[in-house]
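Protein chains get the first letters and strands the later ones, always in sequence-line order, with residue 1 at the start of each.
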Amino acid sequence: MSAFTIETAARFVDQTVTLKGWLYNRRSSGKILFLILRDGTGIMQCVMAKNNVAPDVFAQAEAIGLESSLIVTGRVRAEARAAGGHEMDVTGLEVVQAVADYPITKKEHGTAFLMENRHLWLRSRRQHAVIRIRHAIIKACRDYLDANGFTLVDTPIFTPNACEGTTTLFETQYFDDKAYLTQSGQLYNEATAMAFGKVYCFGPTFRAEKSKTRRHLMEFWMIEPEMAWATLDDVMELAENFISHIVAFVLDTRREELKVLERDTSKLENVRAPFPRLAYDDAARMLEGKGTEFVYGGDFGGTDETLVSEGFDRPVMVHRYPAAVKAFYMETDPADPGKALCVDVLAPEGYGEVIGGGQRLADLDKLQARIREHGLPEAAFQWYLDLRRYGTCPHGGFGMGIERCVAWLCGLEHIRETIAFPRMLYKIYP
RNA sequence: UCCUGAGUAGCUCAAUCGGCAGAGCAGCCGGCUGUUAACCGGCGGGUUGUAGGUUCAAGUCCUACCUCAGGAGCCA
């Protein structure tokens, strides 16, 4: 009986249960009171008839404000008229705390107000659905890699050097030294892949880019698998199977939440491997005459990504970008030395890049030359170069940004809703 | 960092050419035994983001600043 939660109400039909939760909404019709409670697992309508409870209990229930914490006792009943399919006939009520003036009301609010009250906004139905889908996505990521021979080896958050010299790092004091917050676990992944074969890391990453768009956070979570003895083709195959598994798992286990979000799930049903593969040169050709500012040889902008992906009903894998626009550790294409053996997976419906990865440069001399060309401090990379001195081999992997994946699967306008407490440009409260 | 837009009641927004500061929701009081953002009647609620300026008169026009939102670049 103590195990009752709203989510499992179907198992408790015709039983008297105790529900601990919060007052989500209330409607009244004279001598009958509809208390809509939430308990973290769902929402349930609790019906209190005036002649079923003591007069003071009824009066108390009429007076308490939204988000009052309550312990309600009553009998569970299947009821088609109630959202969720079940409701409770209330016989007992204990008010743990009567709340007045809960800031978030039933009518519409602006984004600024809701973000200022993010700690309370999380209680709302939409936000609840998003965070539960996020959880399902993370579980699917781990399950897939765990079931396919990958070992979780987490990488450090404090790092002494930049992974990619171009992006901005958050600098922090490390006793008498400076340290930076990680922006990728990839270089360390390469070390652990040489020790364990197939590995992944999963954790927060930090980018001090002054980006102010619907696709950027200063702090975001990234899952990064890395495989020894892998080519670009292996990396692409992993990426499409990985994403297919995640989408299938979410469709399978989070239907209710997708419904709350009014997500068009037909667009997600198509997401099955294999994904179309598009060479950079072909993608660039698709952009010709589309009126973008894209110039051949450069990277794609957000609108370019949308233009490329809109011709496909599932994610598209764009590979072999010009080496000049990619990071120093990318392996070059033996068939075209100007190109890097890399891949970006572009999500459909304009959600853009969710995965970036590729095959890593395996040769010691070439890697040393590349580090010099990029003006990176060679001394800091000695441990990384050791990986090429002692048993180098073809290897590769990718990183997937969890928040972009959540935004895509949930069909969200803005990435700020994909994490409980988003860190955004100049905004770090609450 | 750059470009654009917005700051008016607790919240979401009105306010015509510069001429008495308004509505819905929330709150409070009352009504209703099946409501679905319930509904119906009544009441209270304002230093119009901040600081200057123009004017008989500024929410409205001008200047600066602050905050927020949208977009760009960069990226996942």
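- Within a 6.0 Å sphere centred on CD of A/E373, other residues, nucleotides and ligands contribute more than 12 heavy atoms.
- The SG atom of A/C410 lies 5.0 Å from the CG atom of A/L261; values are rounded to the nearest 0.5 Å.
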Strictly under 3.5 Å: I want the nitrogen or oxygen pairs between protein and nucleotides 28-33 of chain B, one per line.
unit_1	atom_1	unit_2	atom_2	d
B/C32	N3	A/G30	N	3.1
B/C32	N4	A/S28	OG	3.2
B/U33	OP2	A/K31	N	3.3
B/U33	O4'	A/S29	O	3.2
B/U33	O4	A/N51	ND2	2.8

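- Nucleotides B/U50 and B/U8 are separated by 15 Å at their C1' atoms, to the nearest Å.
- Picking from B/A72, B/U35, B/A76 the nucleotide with the shortest atom distance to the side chain of A/R404 gives B/A76.
- Residues A/L33 and A/V47 are not in side-chain contact: their nearest non-hydrogen atoms beyond the backbone lie 4.5 Å or more apart.
- Nucleotides B/A14 and B/A23, compared at atom P, are 16 Å apart to the nearest Å.
- Distances from the side chain of A/E79 to the nucleotides B/C75, B/A69, B/G34 place B/G34 closest.
- The CD-P distance, from A/E67 to B/A26, rounds to 16 Å in whole Å.
- Taking 4.5 Å as the limit, some side-chain heavy atom of A/V95 sits within range of a side-chain heavy atom of A/Q60.
- Side-chain contact annotation: A/D234 with A/T231, donor-acceptor N/O pair under 3.5 Å present.
- Comparing A/R26 and A/F34, the nucleotide of RNA chain B nearest to each residue sits closer to the 5' end for A/F34.
- The side chain of A/T213 approaches B/A72 more closely than any other nucleotide in the set B/A69, B/A76, B/A72.
- Nucleotides B/G44 and B/A26 place their C1' atoms 13 Å apart, quoted to the nearest Å.
- When the P atom is compared between B/A58 and B/G70, the two are found 35 Å apart, to the nearest whole Å.
- Between the side chain of A/E87 and the base of B/G34, at least one donor-acceptor pair of N or O atoms lies under 3.5 Å.
- Sparse packing is recorded around CZ of A/R125, with 12 or fewer heavy atoms of other residues, nucleotides or ligands lying under 6.0 Å away.
- Distance check: A/H135 NE2 to A/K139 NZ gives 7.0 Å after rounding to the nearest 0.5 Å.
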Produce the list of close N/O pairs, under 3.5 Å, pairing protein atoms with atoms of nucleotides 6-13 of chain B; give distances to one decimal.
unit_1	atom_1	unit_2	atom_2	d
B/C11	O2'	A/E108	O	3.2
B/C11	O2'	A/H109	ND1	2.6
B/U12	OP1	A/G110	N	3.0
B/U12	O4'	A/E108	O	3.4
B/U12	O2'	A/E108	OE2	2.9

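- A/R11 contributes atom CZ, which lies 9.0 Å from atom CD of A/E7 (distance to the nearest 0.5 angstrom).
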Just the dot-bracket of RNA chain B, please: which string comes out with Watson-Crick or G-U pairs under 3.5 Å, [ ] for crossing, | for another strand?
-> (((((((..((((.....[..)))).(((((.......))))).....(((((..]....))))))))))))....

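- Between A/S244 and A/F275, the closest side-chain pair of non-hydrogen atoms falls below 4.5 Å.
- Using C1' as the reference atom, B/A21 and B/U48 are 8 Å apart when rounded to the nearest Å.
- The listed nucleotides are B/G34, B/C75, B/A37; the one nearest the side chain of A/R77 is B/G34.
- Both A/D101 and A/V47 lie near RNA chain B, and the one whose nearest nucleotide falls closer to the 5' end is A/D101.
- Note on ring orientation: taking the six-membered ring where Trp is involved, the planes of A/F206 and A/F170 are perpendicular (angle over 60°, cut-offs 30° and 60°).
- Rounded to an integer number of Å, the gap from CD1 of A/I137 to P of B/A76 is 19 Å.
- The side chain of A/D299 lies closest to B/C75, out of B/G34, B/C75, B/A72.
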Evaluate the side chain to side chain donor-acceptor pair (under 3.5 Å) criterion for residues A/R27 and A/Q45: first the C-alpha distance (whole Å), next the side-chain angles of each, then the deciding distance (0.1 Å), finally the verdict.
-> CA-CA 10 Å; A/R27 293 181 281 269; A/Q45 176 158 282; 3.2 Å; yes

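- Contact detail for A/A239 and A/I355: the closest heavy-atom pair is CB-CD1, 4.2 Å.
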